[in-house]
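Numbered from 1 within each chain, the chains take letters A, B, ... in sequence-line order.
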Number of protein chains: 2
Amino acid sequence: MTATERTGADPLAACRISPAVDLLFSRWTTPILWTLSQSGPVRFVELERRLGATGKVLTQRLRQLERDGLVQRHYYAEVPPRAEYEITELGRSLSPVFAALAEWTDEHLPAVEQARDSYTGPLPR
Amino acid sequence: MTATERTGADPLAACRISPAVDLLFSRWTTPILWTLSQSGPVRFVELERRLGATGKVLTQRLRQLERDGLVQRHYYAEVPPRAEYEITELGRSLSPVFAALAEWTDEHLPAVEQARDSYTGPLPR
DNA sequence: CAGAATCCACTGTGATACTG
DNA sequence: CAGTATCACAGTGGATTCTG
């Protein structure tokens with residue numbers, strides 16, 4: 001039994017952006033979407049190289065993003081084969097979100113690092 | 001050896017918002033920050049109830065957020081004891097990010113769900 | 001090159017029980 | 001009430017190998 005079932009809590013009522021967060025900020029999804037939103041179509045191996053992700057997880061995430069309509073796959077049955085991934089219009093609609101995050105990073109991330117350094121309580125690092 | 005070390009890829013160069021994403025969108029952090037940014041100080045047990053999280057994980061995340069300066073803890077050594085958590089100024093600086101996410105959710109999440117429903121390729125659901 | 005398939009190690013998560 | 005401690009489990013990610 002999950003904690004939610006036990007307590008009868010409603011996570012969605014508590015935080016309405018959680019579904020989007022699960023979608024957009026799971027492992028590897030952000031770097032993929034960010035990279036594709038910055039450049040044109042990118043080959044599979046090139047994504048692998050730039051992000052430092054292994055083929056397996058990259059494939060998993062790309063399939064998921066394709067299913068969700070955020071990324072489009074173009075396959076060319078050449079020899080050797082070529083697969084290019086491109087962001088969709090729906091994917092581009094994330095620009096304001098990413099822009100807000102990038103600005104927050106520039107403005108406030110240093111303050112976080114400073115707070116972390118001067119923190120003395122429990123919890124290592 | 002990690003994939004990054006193997007390939008010599010630089011994740012930060014590939015995606016400059018990743019550090020902020022790790023900070024803000026790890027499990028439970030978003031609901032915590034969202035909840036605290038919407039109301040005043042909230043008691044520990046009340047957070048537990050609203051989010052449906054168990055005490056253990058909640059404590060872990062709250063300590064981390066406190067260390068990073070996003071949340072402040074107020075402890076009252078009464079009987080029974082009381083602990084209240086409140087968002088900090090730094091935490092409040094996230095408002096534009098959350099607002100952008102909430103707007104994207106309203107505008108585009110339905111399109112994602114539609115794409116998912118009409119998706120026929122591999123990958124279940 | 002693109003990716004599927006296997007195996008494995010690790011971590012996060014949660015349930016539970018306990019303390020002040 | 002507000003945690004801490006312990007244990008067990010599942011899911012994820014990664015390394016490796018193989019195919020068209």
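Side-chain nitrogen and oxygen atoms of B/Y75 include none within less than 4.0 Å of the OP1 or OP2 phosphate oxygen of C/dG20. Checking the phosphate oxygens (OP1, OP2) of C/dA2, no side-chain nitrogen or oxygen of A/R82 falls inside 4.0 Å. Phosphate contact (OP1/OP2 of D/dT12, side-chain N/O of A/R61, threshold under 4.0 Å): absent.
Following rounding to the nearest Å, B/L51 (CG) and C/dG14 (C1') show an atom-to-atom distance of 15 Å. Atom pair B/E84:CD and D/dA2:C1' shows a separation of 13 Å (rounding to whole Å applied). What separates CZ of A/R49 from P of C/dC1 is a distance of 12 Å, to the nearest Å. A/D22 places its CG atom 17 Å from the P atom of C/dG12, with the value rounded to the nearest Å. Residue A/L58 contributes atom CG, which lies 11 Å from atom P of D/dG13 at whole-angstrom precision. Between the CD atom of B/E66 and the P atom of D/dG3 there is a distance of 9 Å, rounded to whole Å. The CG atom of B/L47 sits 10 Å away from the P atom of D/dG3 (whole-angstrom rounding). One can place OH of B/Y85 at 15 Å from P of D/dC1, the figure rounded to the nearest angstrom.
Residues B/R116 and B/E113 are not paired through a salt bridge, judged by the lack of any N-O separation under 4.0 Å between the basic side chain and the carboxylate.
Here the side chain of B/T54 is nearest to one of C/dG14, C/dG20, C/dC1, namely C/dG14. Side-chain proximity of A/T59 to the nucleotides C/dG3, D/dC1, C/dA2 is greatest for C/dG3. If you check C/dC1, C/dC7, C/dG3 against the side chain of A/K56, the one that comes closest is C/dC7. Of the candidates C/dG3, D/dG13, D/dG3, the closest approach to any side-chain atom of A/R27 belongs to D/dG13. Distances from the side chain of A/R63 to the nucleotides D/dG3, D/dC1, C/dG3 place C/dG3 closest.
Figure legend: A/R67 and B/Y119 shown without cation-pi pairing, the cationic atom not lying both under 6.0 angstrom from the six-membered ring centre and within 45 degrees of its axis.
A/Q38 CD: more than 12 foreign heavy atoms inside a 6.0 Å radius.
For the pair A/P81 and A/V57, both in contact range of DNA chain D, the more 5′-proximal nearest nucleotide belongs to A/V57.
Residue B/Y76 is classed as having no contact, given no heavy-atom separation below 4.0 Å to the nucleic acid.
Once rounded to the nearest 0.5 Å, the distance linking CD of B/E48 with NZ of B/K56 reads 13.5 Å.
For the side-chain hydrogen bond (donor to acceptor under 3.5 Å, both in side chains) with B/H74, the lone residue among B/R43, B/R82, B/E84, B/E86 that qualifies is B/E86.
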